[in-house]
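One structure below.
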2 protein chains.
Amino acid sequence: MSAEQSLDVIRSEFIEKTGLISQAEGLPRIAGRVFGMLIFDGDMVSFSDLATGLQVSRASISTSIRILEERGLVKRMTKPGERQDYFQLAPNPYATMLTGIQKRTLATRSEIADTISKLPANASAADRLAAYADFYASLDSAIKLALDELDAPTTSKSGQHPAASKDLSDDR
Amino acid sequence: MSAEQSLDVIRSEFIEKTGLISQAEGLPRIAGRVFGMLIFDGDMVSFSDLATGLQVSRASISTSIRILEERGLVKRMTKPGERQDYFQLAPNPYATMLTGIQKRTLATRSEIADTISKLPANASAADRLAAYADFYASLDSAIKLALDELDAPTTSKSGQHPAASKDLSDDR
DNA sequence: GTTTCCGTTCAGTCAAGACTGAATAAACTT
DNA sequence: AAGTTTATTCAGTCTTGACTGAACGGAAAC
């Protein structure tokens with residue numbers, strides 16, 4: 001089962017994928033599908049395009065868009081002479097996602113540090129708590145690196161990103 | 001509100017924190033509290049200690065432990081002459097967590113790559129899909145770095161971890 | 001063999017939240 | 001002003017999954 005697939009099938013499979021992926025990241029599934037549709041269809045997708053294209057109520061589109069806007073992943077646009085709202089991906093949505101993750105990581109890291117600071121000096125738990133904090137510390141510095149890698153302006157003339165050609169099979 | 005706090009209060013606040021943190025990471029809250037209790041109380045925490053200490057049903061402890069064991073975060077032990085099971089943190093739980101995250105990241109990365117490979121050469125979506133894939137690529141390499149940082153044996157004689165002394169306020 | 005102690009499984013309850021339809025609001029058209 | 005078109009809000013439904021109590025199974029103690 002393979003060879004050729006119609007672009008429509010590829011497209012809708014991709015949108016379903018992004019729905020599931022985003023769900024795993026903590027977003028509602030529909031918001032993920034909206035995100036996927038914006039990736040695939042590109043600029044200037046209208047509100048009703050989203051509702052009909054994803055076969056979902058306009059109310060769901062409204063709340064999904066709100067969530068995506070709050071997270072800074074999507075930008076709302078208007079066309080002169082048109083009443084509808086149009087949407088597109090925000091400039092660098094992925095860096096924004098990472099920044100959000102970073103914020104959360106930093107918060108939990110400092111909560112742990114807070115507990116450690118309250119601990120009496122002889123507490124036997126201190127070492128294990130420190131290891132727990134270290135985990136979030138290295139997570140934090142890793143995110144920082146990923147951010148650097150991601151929003152490096154990429155001098156090459158195309159919008160091509162640096163990691164695009166990375167070998168996918170080089171795990172560990 | 002401050003000055004001194006009893007160790008018990010500090011402990012239970014910490015356990016509640018880990019419950020919430022783990023919930024944000026996708027684990028059930030009780031599993032997070034079990035994890036927190038193992039961090040704080042250390043080796044050899046018995047099954048019934050967990051149930052009574054966290055004030056939850058033994059059934060909940062059972063499933064939480066199962067989840068934590070499946071993820072490789074917790075080890076089950078027994079004491080000679082005792083019928084009860086005892087638990088402690090697995091050797092390097094945080095590296096294991098990262099490995100799990102890495103696995104998922106890699107999976108979604110290859111799903112996106114799969115879609116890209118099916119795309120006709122002239123597809124306008126190609127660039128945006130590539131950027132999406134790049135995001136997971138840099139996430140992946142960041143995780144790899146965090147792993148290196150984490151399970152570096154740390155030559156210093158104590159179990160102290162390298163990032164322990166990192167300045168918490170150096171964000172970006 | 002019977003009892004006791006533990007852990008697991010399973011059916012059922014409960015709460016959280018995703019999604020919808022209907023009502024509302026706002027802006028433009030006529 | 002009345003009527004369209006479009007987005008948001010809100011009450012209600014439905015699904016998912018966390019958690020519990022009770023039944024079960026197995027292993028040691030008696």
* Asked: Under 4.5 Å between any side-chain heavy atoms of Gln88(A) and Leu38(A), yes or no?
  -> no
* Asked: Can you name the one residue among Ile61(B), Val56(B), Leu73(B), Val45(B) that meets side chain to side chain contact (heavy atoms under 4.5 Å, CB included) with Val34(B)?
  -> Ile61(B)
* Asked: Does a side-chain heavy-atom distance below 4.5 Å link Thr115(B) with Lys17(A)?
  -> yes
* Answer with base, sugar-phosphate or nothing: what part of the nucleic acid does Ile61(A) contact at a heavy-atom distance below 4.0 Å? => nothing
* **Spacing between Leu68(B) atom CG and dT8(C) atom P, to the nearest angstrom** => 12 Å
* Output yes when a side-chain donor or acceptor of Ser22(A) lies under 3.5 Å from a complementary backbone atom of Glu25(A), and no otherwise. => no
* Mind checking whether Phe47(A) and Phe87(A) have parallel, tilted or perpendicular rings, split at 30° and 60°? -> tilted
* Nearest-Å distance for atom pair CG/P, residues Leu50(A) and dC19(C) -> 14 Å
* Asked: Can a salt bridge be assigned to the pair Lys144(A) and Asp148(A) using a cut-off of 4.0 Å between side-chain N and carboxylate O?
  -> no
* Asked: Using the ring of each side chain (for Trp, its six-membered ring), is Tyr132(A) parallel, tilted or perpendicular to Phe14(B), with breaks at 30° and 60°?
  -> perpendicular
* Tyr86(B) OH to dC6(C) C1', straight-line distance once rounded to whole Å -> 12 Å
* Asked: Separation of Arg58(B) atom CZ from dC10(C) atom C1', in whole Å?
  -> 16 Å
* To do: Whole angstrom is fine here: how far is it from CD1 in Ile30(A) over to C1' in dG17(C)?
  => 12 Å
* Indicate yes or no: at least one non-hydrogen side-chain atom of Tyr86(A) is less than 4.5 angstrom from one of Gln84(A). => yes
* Structure fact -> note: Gln84(B), atom CD; dC5(C), atom P; distance rounded to Å ~ 12 Å
* Would you say the side-chain atoms of Thr52(B) pair up with the backbone N or O of Ser48(B), donor to acceptor, closer than 3.5 Å? -> yes
* For chain B, the stretch of DNA chain D it reaches, first to last nucleotide, under 4.0 Å of its heavy atoms -> dA18(D) to dA29(D)
* Could you state the atom-to-atom distance from CZ of Arg76(B) to P of dC6(C) in whole Å? => 14 Å
Protein-nucleic acid N or O pairs under 3.5 Å, nucleotides 27-30 of chain C:
from    : atom 1 : to       : atom 2 : distance (Å)
dT29(C) : O4'    : Arg83(A) : NH2    : 3.3

